[in-house]
Amino acid sequence: MREQIEGSQAIARAVAACRPEVIAAYPISPQTHIVEALSALVKKGGLEGCEYLNVESEFGAMSACIGASAVGARTYTATASQGLLFMVEAVYNAAGLGLPIVMTVANRAIGAPINIWNDHTDTMSQRDSGWLQLYAETNQEAADLHVQAFRIAEELSIPVMVCMDGFILTHAMEIVDVPDEDQVARFLPPYEPRQVLDPAKPVSIGAMVGPEAYTEVRYLAHHRQKQALELIPRVAADFKEVFGRESGGLVRPYRTEDAETIIVSMGSVLGTIKDVVDERRARGERIGVLGITSFRPFPMDAVREALKGCTRFVNVEKAFSVGLGGIVSSHCRSAVRGMSIENYEVFAGLGGRPITKASLHSLLDDLAAGALEEQTFLDLDRALVDAELAREAASRRSGPTAENIMRDSHARTDAALAHGAPPTDDAPPSPRATGAN
């Protein structure tokens with residue numbers, strides 16, 4: 001049923017419709033509303049047959065999920081940012097054991113410095129953990145992806161992260177057609193685990209594996225990810241048949257058929273990028289967008305097919321590999337290896353900085369003029385950076401970088417106000433950045 005609802009509440013109800021048997025959760029912004037809503041459903045009897053575990057940490061949450069999944073229970077949890085990092089050992093264990101746990105990650109920046117706003121640094125840090133990673137553009141897609149995630153996870157016996165932008169999606173109020181239990185029951189078969197710990201037939205899992213077998217174990221984990229490349233589109237097609245709408249899949253092209261320039265990105269920023277593309281199309285520019293839904297496994301063939309006709313592509317990324325650069329862009333370059341296609345890396349939205357239409361138009365103007373650098377930090381305040389570099393050059397005891405930057409920024413704002421100048425605020429993002437219609 002379509003209704004105006006907060007993103008987190010829609011996710012909670014979509015997860016509940018999948019009838020999880022164990023939910024283990026520890027609160028951390030911006031995913032807390034999801035597990036709070038699920039807790040309330042369990043307490044009120046709205047989710048029968050589900051055990052809700054209040055654990056003492058994120059590590060405890062994933063550890064409890066591993067135990068529950070290992071005995072054959074459909075299992076769910078959610079986390080974000082530092083919470084994801086705290087459970088990392090167990091995150092790798094869940095994948096290594098082949099347990100079909102579904103986890104929401106409400107994407108949030110990682111400290112230090114402390115930052116509670118959105119970027120993709122947290123899940124990008126776990127890209128090699130063995131979990132599938134699916135990124136939602138809108139709250140509708142986020143709700144739909146959770147339903148698909150349980151089916152994908154359980155068919156392959158592999159854990160799945162559904163990644164949605166913290167606050168931008170989790171706290172946005174918009175119209176969502178929340179999957180109901182009857183629809184989900186037609187789409188999601190009863191859980192039949194591939195492996196079950198049974199006291200009547202005791203075995204060990206997670207045992208020591210030496211060099212004689214470890215390579216084969218890791219290869220099979222990679223093989224299951226490759227299988228997911230075929231399964232994810234099939235599940236999306238089945239979902240459309242039952243629910244009547246397209247959602248999920250590997251990639252989502254937009255106006256790319258004749259595009260000379262294609263912007264590649266993931267998550268909620270795709271809405272704003274599409275608005276910019278529409279405006280530049282109206283000027284006669286041949287430009288399109290490629291949204292990537294499945295980052296793990298990475299859809300090399302689908303990306304290659306989508307980009308093969310363009311002259312250049314620009315990756316707009318909400319995370320980067322410190323000391324190297326683009327993460328998604330490096331994957332895209334691998335996909336088009338051997339083709340003469342220019343590639344540009346643009347890092348944007350870090351720590352929740354707004355990615356505005358004005359900034360995107362500016363970078364595309366630079367691209368058209370041949371002035372865009374191959375690696376660009378969108379809206380980087382060069383004056384603040386240069387001031388800190390000068391401070392470090394002048395004194396070995398220059399102090400903590402983050403605090404110095406904040407102090408300089410506040411001092412500049414105070415000086416502007418003292419001279420009667422209004423503070424500068426970035427324009428708000430496009431409504432379509434949160435999936436609003």
Review point. Does a sphere of radius 6.0 Å around CD in Glu374 hold more than 12 heavy atoms from other residues, nucleotides or ligands, not counting ones at 6.0 Å or beyond?
Key: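 Open: at most 12 neighbouring heavy atoms sit under 6.0 Å from CD of Glu374.
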Exercise for review: Check whether more than 12 heavy atoms from other residues, nucleotides or ligands sit under 6.0 Å from atom CD of Glu3, and answer yes or no.
Suggested key: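 Above 12, so yes.
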For residues [X] and [Y], determine if any side-chain heavy atom of one lies less than 4.5 Å from a side-chain heavy atom of the other.
| X | Y | result |
| --- | --- | --- |
| Glu174 | Ile5 | no |
| Ser265 | Asn315 | no |
| Val176 | Arg2 | no |
| Val251 | Thr293 | no |
| Leu270 | Met266 | no |
| Met161 | Val91 | yes |
| Ile287 | Leu364 | yes |

Look at [X] together with [Y] and state whether they make a salt bridge at an N to O cut-off of under 4.0 Å.
| X | Y | value |
| --- | --- | --- |
| Glu21 | Arg74 | no |
| Glu241 | Arg186 | no |
| Arg252 | Glu141 | yes |
| Asp144 | Arg245 | yes |
| Asp408 | Arg391 | yes |
| Asp238 | Arg151 | yes |
| Arg194 | Glu154 | no |

Practice item. Assess the side chains of Tyr92 and Asp128: does a donor N or O sit below 3.5 Å from an acceptor N or O? Key: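 Result is no, nothing qualifies.
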Check your understanding: Would you call the rings of Phe187 and Phe239 parallel, tilted or perpendicular, where under 30° means parallel and over 60° means perpendicular?
Key ->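 It falls in the perpendicular class, over 60°.
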Review point. When the ring planes of Phe298 and Phe295 are compared, do they come out parallel, tilted or perpendicular, using 30° and 60° as the limits?
Key: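 Answer is perpendicular, since the angle exceeds 60°.
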Check your understanding: Would the Phe313 and Tyr344 ring centres measure less than 6.0 Å apart?
Key ->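 Aromatic pair excluded; centres sit 6.0 Å or further apart.
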Check your understanding: For the side chain to side chain contact (heavy atoms under 4.5 Å, CB included) test, which of Ile273, Leu350, Leu378, Asp379 pairs with Ile355?
Key ->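 The residue from Ile273, Leu350, Leu378, Asp379 that satisfies side chain to side chain contact (heavy atoms under 4.5 Å, CB included) with Ile355 turns out to be Leu378.
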Exercise for review: Would you name the heavy atoms of Pro297 and Leu132 that are closest together and state the gap between them?
Suggested key: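 Taking Pro297 first and Leu132 second, the nearest heavy atoms are CD-CG, 3.7 Å.
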Practice item. Work out which heavy atom in Leu47 is nearest to a heavy atom in Arg19; give both atom names and the distance. Key: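 Closest pair (atom of Leu47, atom of Arg19, distance): CD1-NH1, 3.7 Å.
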Review point. How many angstroms lie between CZ in Arg382 and CZ in Phe377, if you round to the nearest 0.5 Å?
Key: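 These two atoms lie 9.5 Å from each other.
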